[in-house]
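What follows is a set of notes on a single structure, which appears directly below.
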There are 2 protein chains.
Amino acid sequence: MKTKESKIPEATIKRLSTYINCLERLQAENNPVTSSEMLGESCQVSPAQIRKDLSYFGEFGVRGVGYDTKKLEGEIKEILGLNHNWPTTVVGVGKLGQALLNFAFFSKHGFRIIAAFDSDENKIGNEIAHGVTILPTTEIEKTVKNEKITIGIITTPADSAQEVADKLVAGGIKGLLNFAPIKVKVPEIITLRNVSITSELDNLAYLLTQKKR
Amino acid sequence: MKTKESKIPEATIKRLSTYINCLERLQAENNPVTSSEMLGESCQVSPAQIRKDLSYFGEFGVRGVGYDTKKLEGEIKEILGLNHNWPTTVVGVGKLGQALLNFAFFSKHGFRIIAAFDSDENKIGNEIAHGVTILPTTEIEKTVKNEKITIGIITTPADSAQEVADKLVAGGIKGLLNFAPIKVKVPEIITLRNVSITSELDNLAYLLTQKKR
DNA sequence: GCAACAATGTGATAACTCTCACAGGATCGT
DNA sequence: ACGATCCTGTGAGAGTTATCACATTGTTGC
């Protein structure tokens, strides 16, 4: 399985992620095989869109039959690189950080939480998972370097996000996911995604305002 | 000037939301006036993109000068409908729900938390904010109806998301923001946004995998 | 009052993404 | 073995979004 070297839409990648969820559900509902139509129904994407998305990466179905749900899930995980074991850290163990740490998601998608950091002295030393205790943020650079952590998740307040990002970068992080409500800046080499949870609410407000008129 | 709004890209709406954040920061940094270049630098969007985005809604700047940061922030909030006072509820007061409730964001963007619900009996009755206590999910329909709640935020586990959505809809909710890792289905009339936090992580994994090759 | 300048607003164009329709290939029944 | 049927994979085209270049218009200095 090798990618054709055309550029792949970002939206496609986003959808692939949701396909995994839907395929899991379909399996749980006893569907060893599915069609692009059934999968589309399940995750609210058009069948043609699904086939197109998959076609960027190869051929995963059987014509006249459909897709093996379990196999397809594995293929998509392969495509997204979720079969790696990404050493990951969470910085900022507030409510949002804890919410993320709670998700069963991490292990299922190949992310291994190696460390967690916070600046609150009361939290330091607390165990957040099997063998992972909260460290002070002063330890970020050293720990990232020693443990070869590749992914950093920033769930701090806005005013410390950039500082934390700098420390992670100094430690040699490869990818950053920033949930703080401010866009952080890092060197070109770092893969960065700024996620704005709240903008979804703004978006909803806009759509509702439109509908009224 | 077109009479009926031509279709505005969803991406534009998303960016407008981030412009608000950046404009606030610029104001905090003592910039009463900014240019599309400075604002673009601040929120990592091209100057042309910013001007185009704004042009969908009117003319907000002064040629040769730029934009009044405070005024523009107000204009964008007006466009997004954040000057309304949206009666809002959060269903599922787990870590993610609590994280959202903690954000100062709500009041600043015109969302007023009217009620919160959870199915955990130990949480029911707890006060989460000035005068808002957690109610059992059995009260959803009645409360939404009585309080005329228009926006519902779902932060439950996947397996109760659809059930909760149905109750909110039964109560007459207008817009739904679903953070549960499963797409819920609601009647056409309801404005719905399914948000997948975890897909951002998958996306990051993909980008990192690509970079390696 | 006017020229030089600065930064917006926008039509034209390029780039990207989705949709459609159907060809390709597998399976099933007879 | 063969036709009917099914569902995938994909090129072509429609539709959407971003970029570019510059005309436009307000400001400033002399």
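Every chain is numbered from 1, with letters handed out A, B, ... down the list of sequences. Just the heavy atoms: all of them, side chains too, but no hydrogens, waters or symmetry mates, feed the values below.
Phosphate proximity of dT17(C) to Gln49(A): absent, as no side-chain N or O sits under 4.0 Å from OP1 or OP2. For Tyr67(B), a side-chain nitrogen or oxygen approaches OP1 or OP2 of dG9(C) to under 4.0 Å. Side-chain N/O atoms of Ser46(B) include one lying less than 4.0 angstrom from OP1 or OP2 on dT19(D). Phosphate contact (OP1/OP2 of dA7(C), side-chain N/O of Ser36(B), threshold under 4.0 Å): absent.
A salt bridge between Lys142(B) and Glu139(B) is present, with a side-chain N of the basic residue lying under 4.0 Å from a carboxylate O of the acidic one. Comment: Glu10(B) does not engage Lys14(B) in a salt bridge, judged by the lack of any side-chain N to carboxylate O separation of less than 4.0 angstrom. A salt bridge links Lys167(B) with Glu163(B): the distance from a Lys NZ or Arg NE/NH1/NH2 to an Asp or Glu carboxylate oxygen falls below 4.0 Å.
Contacts between residues 12-29 of chain A and DNA chain D, counted as heavy-atom distances below 4.0 Å, involve no residue at all.
Computed from coordinates, the Leu54(B) CG to dT17(D) P distance equals 17 Å when rounded to whole Å. Spacing between atom CD of Glu59(B) and atom C1' of dG26(D) amounts to 12 Å, rounded to whole angstrom units. For Glu10(B) and dC16(C), the CD to C1' distance is 16 Å, given to the nearest whole Å. Rounded to whole angstrom, the span from the NZ atom of Lys7(B) across to the P atom of dT17(C) amounts to 15 Å. Distance, Ile50(B) CD1 to dT8(C) C1': 12 Å, rounded to whole Å. In this structure, Asp68(B) atom CG and dA7(C) atom C1' are separated by 15 Å, rounded to whole Å. Protein atom NZ of Lys71(A) is 13 Å distant from nucleotide atom C1' of dT8(D), rounded to whole Å. In this structure, Leu39(A) atom CG and dG9(D) atom P are separated by 12 Å, rounded to whole Å.
For Ile114(A), the side chain to side chain contact (heavy atoms under 4.5 Å, CB included) test picks out Pro87(A), Arg112(A), Glu147(A), Ile149(A), with sequence neighbours left out. For Gln49(B), the side-chain hydrogen bond (donor to acceptor under 3.5 Å, both in side chains) partners two or more places apart in sequence, or in a different chain, are Asp53(B). Residues that satisfy the side-chain hydrogen bond (donor to acceptor under 3.5 Å, both in side chains) test with Thr191(B), not counting sequence neighbours, are Lys211(A). Evaluation of the side-chain hydrogen bond (donor to acceptor under 3.5 Å, both in side chains) rule for Asn83(B) yields Glu78(B) as partners, not counting sequence neighbours. Partners of Ala170(B) according to the side chain to side chain contact (heavy atoms under 4.5 Å, CB included) rule, which considers only residues two or more places apart in sequence or in another chain, are Glu141(B). By the side chain to side chain contact (heavy atoms under 4.5 Å, CB included) test, Lys185(A) is found to be paired with Gln162(A), Glu41(B), Gln44(B), residues two or more places apart in sequence or in another chain being considered. Evaluation of the side-chain hydrogen bond (donor to acceptor under 3.5 Å, both in side chains) rule for Ser35(A) yields no partner, not counting sequence neighbours.
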Produce the list of close N/O pairs, under 3.5 Å, pairing protein atoms with atoms of nucleotides 28-30 of chain C; give distances to one decimal.
none

Identify each atom pair where a protein N or O and an N or O of nucleotides 2-5 of chain C are less than 3.5 Å apart, giving names and distance.
none

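Every pair tested for salt bridge (Lys or Arg N to Asp or Glu O under 4.0 Å) that includes a residue from residues 88-104 of chain B fails, sequence neighbours excluded, so the list is empty.
At least one side-chain heavy atom of Tyr56(B) sits under 4.5 Å from a side-chain heavy atom of Thr12(B).
By the 30° and 60° cut-offs, the orientation of the rings of Phe111(B) relative to Phe106(B) is perpendicular. Using a 30° and 60° split on the angle between ring planes, His84(A) and Trp86(A) fall in the parallel class, below 30°.
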Under 4.0 Å protein heavy-atom contact, by nucleotide of nucleotides 20-27 of chain C - B base, S sugar-phosphate only:
BB--BBSS

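In this structure, the nucleotide among dT10(C), dT8(D), dT16(D) sitting nearest to the side chain of Ser55(B) is dT10(C). Nearest to the side-chain atoms of Ser35(B) among the listed nucleotides dG9(D), dT10(C), dA7(C) stands dA7(C).
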